[in-house]
Amino acid sequence: QVQLVESGGGLVQAGGSLRLSCAASGRTFSGYAMGWFRQAPGKEREFVARINWSGSTTYNADSVKGRFTASRDNAKNTVYLQLNSLKPEDTAVYYCAASRYPTGSEISRYYDYWGQGTQVTVSS
């Protein structure tokens, strides 16, 4: 089992920044690729970013390319999502997830463990 706890969400003005954290406990964190997803009210959960087990490879959704960056610190069992140039349409609950697939996936069903989510609200 892997337990994931997100933090760092909040209310920010458009153009602002936030850094989300996802702390992991349980099985060896470095053995998992990690993903970030988000879900806005009335919408389906969507992929945001993923990072492989070592942090050497990342991939972002087109909607956040150039603005969001995933990173990880395996010594701290933590993965991060830096959110820059935020837009009102980025408002959502953000979830981190752990996958046994080496590079993770854009598809949610390939993730084995999920956090409870953290709310990000961007005002215009």
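Along the sequence shown, residues are numbered consecutively beginning with 1.
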Could you give the distance from CE (Met34) to OG (Ser71), rounded to the nearest 0.5 Å? 11.5 Å
Under 3.5 Å, is there a donor-acceptor pair between the side chain of Arg67 and the main chain of Ser85? yes
My understanding is that only residues two or more places apart in sequence, or in another chain, count here; which of them pass side chain to side chain donor-acceptor pair (under 3.5 Å) with Asn60? none
In this structure, is the centre-to-centre distance between the rings of Trp36 and Phe68 below 6.0 Å? no
Please report the interatomic distance OG1(Thr91) to CD(Gln119), rounded to the nearest 0.5 Å. 7.0 Å
How about CZ on Arg100, more than 12 heavy atoms from neighbouring residues, nucleotides or ligands closer than 6.0 Å, or not? no
Side chains of Thr103 and Arg50: closer than 4.5 Å at any heavy-atom pair? yes
In Tyr110, Tyr32, Trp53, the residue satisfying ring-ring contact (aromatic ring centres under 6.0 Å, His included) with Tyr101 is Tyr110
Is there a side-chain contact between Leu81 and Val48 in this structure, where contact means two heavy atoms from C-beta onward sitting under 4.5 Å apart? yes
If you count the non-hydrogen atoms of other residues, nucleotides and ligands that lie under 6.0 Å from NZ in Lys65, is the total more than 12? yes
Does any part of the side chain of Val120, heavy atoms only, come nearer than 4.5 Å to the side chain of Arg38, both counted from C-beta? no
Would you call the rings of Phe47 and Tyr59 parallel, tilted or perpendicular if under 30° counts as parallel and over 60° as perpendicular? parallel
Heavy-atom check, side chain of Gln116 versus side chain of Val5, under 4.5 Å: yes
Exercise answer: donor-acceptor pairs, residues 13-23 side-chain atoms, under 3.5 Å, sequence neighbours excluded:
from	atom 1	to	atom 2	distance (Å)
Ser17	OG	Asn84	OD1	2.9

Roughly how far apart are Tyr80 OH and Asp73 CG, rounded to 0.5 Å? 5.0 Å
Let me confirm one number: the SG-OH distance from Cys96 to Tyr113, rounded to the nearest 0.5 Å. 13.5 Å
Once rounded to the nearest 0.5 Å, what's the spacing between atom OG of Ser56 and atom CD1 of Ile51? 8.0 Å
Drop me the distance from Arg109's CZ to Ser99's OG, to the nearest 0.5 angstrom. 12.0 Å
Taking side chain as C-beta onward, heavy atoms only, is Tyr95 less than 4.5 Å from Leu4? no
